[in-house]
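First up is the structure itself, then whatever we jot down about it.
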Amino acid sequence: MRQTGTIRAMEDGNPVKEVFGELADGTTVHRWSLENGGVRLKVLSYGGIVQSLELPDRHGRYADVSLGFASLAGYETSSPYFGALIGRYGNRVAGGRFTLDGEEYRLPVNDGGNSLHGGPAGFDRRVWDVEEFTAGPDRGLVLRRTSADGEMGYPGALAVRVAYTLTADGDWRIDYEATTDRPTVVNLTHHVYWNLAGESSGSVHGHELTVAASRYTPVGPGLVPTGEQAGVVGTAFDFRTPRTFGEALRHPDPQLRHAGGIDHNLVLDKGATGRPEHVATLRDPVSGRTLRLSTTEPGLQVYGGNGLDGSLVGPGGHAYRAGDALCLETQHFPDSPNRPGFPSTVLRPGETYRSTTVHSFGAGSSEGEHDLPRSPTS
């Protein structure tokens, strides 16, 4: 694999583009580095992957708060969706099949007997066309690709546009859009593994999580929803008030046995909305870093990195283990194409799929929360 330096840099703090490496088939993968509002972001053209996202703590010390790899090889051969853009369908489709307008579609399975995150060659395994942009004080990237009719078994040619924006206020905003030429299903999300103490700091069991969700979707074997929307009271999934992740994992909830921890969809109280609304807050009391999550989506998949077994090593030399990160995946519900009682994920010709998620960051101090420091290029 080839690694080279910067091939083009834009002035005034705009994105910097460099060659990151080559895939096994010889395809060149680029990396873009952006900084704005005190946030530093590195994005790959392969999988739309966020390779790193750096934030300061309450003392102004920066750390990468997302799990990942230092080189391309890990992402190509062994990544559990680290930092990836997920599609066509985020989460599980039971049995790798669904019926739409009376026709059954079969998808390749890659999670036991189910299709997960778009299949074995989903959007996380594709090279995207990427363009930089500036919009006033904001800076970002637009990622585009067209998923061919029949790709991973899904009907319709799906034209996808995803914008990553770093705002002058230090927010990372994701705007998804898609159109199709045949009826299809679509559910796009993002798969950052968050550790607000830093990617090599170990367990997130001390992180405090709050989610505005009074219900969740219980699962059976294979982590497929049963179709029920159950109340969170008395369960491991009651994050309506701040709760450490470790406390939730210690709950004697039988649902935890299905996933070896938490890997469940929370039903957001607000439902699907036209504009992003605040739904969750993640806080690391040690560093003071906070993440406030706003979205238009009706669901939030909370995943505790249960599959990490120490075999993957991050840029800081730390071997990642279960509980070393949290994923907060804003999305529609798992297996919605097979669950008519869940919010629909059907997209038809003439319609436009739109979804927005905003990550707002802060760093706590003895006086409370404050905004991130502005970078010199803001």
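The analysis underlying the following values was restricted to heavy atoms, covering all of them including side chains, and did not include hydrogens, waters or symmetry mates. Remember, it's a predicted structure, so these values are computed and weren't measured experimentally.
Judged by distance alone, the side chains of Asn187 and Thr189 never bring a donor and an acceptor atom under 3.5 Å apart. With hydrogens and angles left out, the side-chain atoms of Asp171 and Ser360 include a donor and acceptor closer than 3.5 Å. Judged purely by distance below 3.5 Å, without hydrogens or angles, the side chains of Asn91 and Gln301 pair a donor atom with an acceptor atom. Counted by atom type alone, Glu103 and Tyr105 present one or more donor-acceptor pairs between their side chains at under 3.5 Å. Asp309 and Ser311 share a side-chain donor-acceptor pair at under 3.5 Å. If you check the side chains of Thr330 and Thr357, you find a donor sitting under 3.5 Å from an acceptor. Judged purely by distance below 3.5 Å, without hydrogens or angles, the side chains of Glu199 and Tyr193 never pair a donor atom with an acceptor atom. Under 3.5 Å, the side chains of Arg92 and Asn114 contain no donor-acceptor pair of N or O atoms. A donor-acceptor contact closer than 3.5 angstrom is absent between the side chains of Thr165 and Asp138. Judged purely by distance below 3.5 Å, without hydrogens or angles, the side chains of Asn195 and Ser201 pair a donor atom with an acceptor atom. Asp238 and His251 form no side-chain donor-acceptor contact under 3.5 Å, judged by distance and modelled atom types alone.
Heavy-atom minimum distance, Tyr75 versus Gly68: OH-CA, 3.5 Å. The shortest non-hydrogen separation linking Ala248 to Leu256 is O-CD1, 3.8 Å. Closest heavy-atom contact between Thr28 and His30: CG2-CE1, 3.8 Å. What you find for Ala319 and Asp324 is that their closest heavy atoms are O-OD2, 3.8 Å. The minimum heavy-atom distance linking Val185 with Tyr154 is given by the pair CG2-CE2, 3.8 Å. Taking both residues in full, the closest heavy atoms of Pro56 and Tyr62 are given as CD-CE2, 3.6 Å, listed atom of the first, atom of the second, then distance.
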Take Glu54 and Glu35, measure what side chain to side chain contact (heavy atoms under 4.5 Å, CB included) needs, and give me the verdict at the end. CA-CA 9 Å; Glu54 297 182 37; Glu35 182 173 356; over 6 Å; no
Run the side chain to side chain contact (heavy atoms under 4.5 Å, CB included) check on Ser45 and Trp32 step by step: do they pass? CA-CA 8 Å; Ser45 56; Trp32 281 259; 3.8 Å; yes
Between Leu308 and Leu67, does the side chain to side chain contact (heavy atoms under 4.5 Å, CB included) criterion hold? Intermediate values first, please. CA-CA 11 Å; Leu308 301 176; Leu67 273 57; 3.9 Å; yes
Before giving the answer on side chain to side chain contact (heavy atoms under 4.5 Å, CB included), spell out for Trp172 and Leu41 the whole-Å C-alpha distance, their side-chain angles and the decisive distance to 0.1 Å. CA-CA 9 Å; Trp172 173 39; Leu41 183 67; 4.0 Å; yes
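The distance from the OG1 atom of Thr27 to the CD atom of Glu22 is 8.5 Å, given to the nearest 0.5 Å. Arg243 CZ to Glu208 CD: the interatomic distance, rounded to the nearest 0.5 Å, is 12.5 Å. How far CD of Gln331 is from CD of Glu297: 8.0 Å, rounded to the nearest 0.5 Å. Rounding to the nearest 0.5 Å gives a distance of 5.0 Å between CZ of Phe69 and OG of Ser79. From His359, atom NE2 reaches atom OG1 of Thr295 across 8.5 Å, with rounding to the nearest 0.5 Å. The distance from atom OG of Ser214 to atom CZ of Phe237, rounded to the nearest 0.5 Å, is 15.0 Å.
Look at Arg88 and Glu151 and you find no salt bridge, because none of the NZ, NE, NH1 or NH2 atoms lies under 4.0 Å from a carboxylate O. Of the charged side-chain nitrogens involved, none lies within less than 4.0 Å of a carboxylate oxygen, so that Glu277 and Arg275 do not count as a salt-bridged pair.
Judged by distance alone, the side chain of His207 and the main-chain N or O of Leu196 form a donor-acceptor pair under 3.5 Å. A donor-acceptor pair is defined here as one N or O able to donate and one able to accept, closer than 3.5 Å; such a pair exists between the side chain of Asp253 and the backbone of Ala236. A donor-acceptor pair is defined here as one N or O able to donate and one able to accept, closer than 3.5 Å; no such pair exists between the side chain of Arg348 and the backbone of Thr180. Between the side chain of Thr296 and the backbone N or O of Ser355, no donor-acceptor pair lies under 3.5 Å. Without hydrogens or angle criteria, Asp181 side chain to Pro349 main chain gives no donor-acceptor distance under 3.5 Å. Remark: side-chain polar atoms of His278 are paired, donor with acceptor, to backbone N or O of Ala280 under 3.5 angstrom. Side-chain atoms of Arg97 never come within 3.5 Å of backbone atoms of Leu107 as a donor-acceptor pair (strictly under, hydrogens ignored). For Arg289 (side chain) and Leu55 (main-chain N/O), a donor-acceptor pair under 3.5 Å exists by modelled atom type. A donor-acceptor pair under 3.5 Å is formed between the side chain of Asp335 and the backbone N or O of Ala94. Asn265 places no side-chain N or O within donor-acceptor distance of the main-chain N or O of Thr217, the cut-off being under 3.5 Å.
Leu300 and Leu249 end up in the same hydrophobic cluster when Ile, Leu, Val, Met, Phe, Trp and Tyr side chains are linked at under 4.5 Å. In terms of hydrophobic clustering, with Ile, Leu, Val, Met, Phe, Trp and Tyr side chains grouped at heavy-atom distances under 4.5 Å, Leu141 and Leu85 are assigned to a common cluster. Each of Val127 and Ile86 belongs to its own hydrophobic cluster when Ile, Leu, Val, Met, Phe, Trp and Tyr are linked at side-chain heavy-atom distances under 4.5 angstrom. Side-chain heavy atoms closer than 4.5 Å link hydrophobic residues (I, L, V, M, F, W, Y) into clusters, and following such links, possibly through other members, connects Val50 to Leu291.
Under the 6.0 Å cut-off for aromatic ring centres, Tyr81 and Tyr303 do not qualify, their centroids lying 6.0 Å or more apart. When ring centroids are compared, His190 and Tyr164 come within the 6.0 Å threshold.
Taking a 6.0 Å sphere around CZ of Arg161, one finds it holds more than 12 heavy atoms contributed by other residues, nucleotides or ligands.
A cation-pi geometry, defined here as NZ or CZ lying under 6.0 Å from the six-membered ring centre and within 45° of its normal, does not hold between Arg339 and Phe333.
Between Phe361 and Trp194, the ring planes are tilted. Angles from 30° to 60° get that label.
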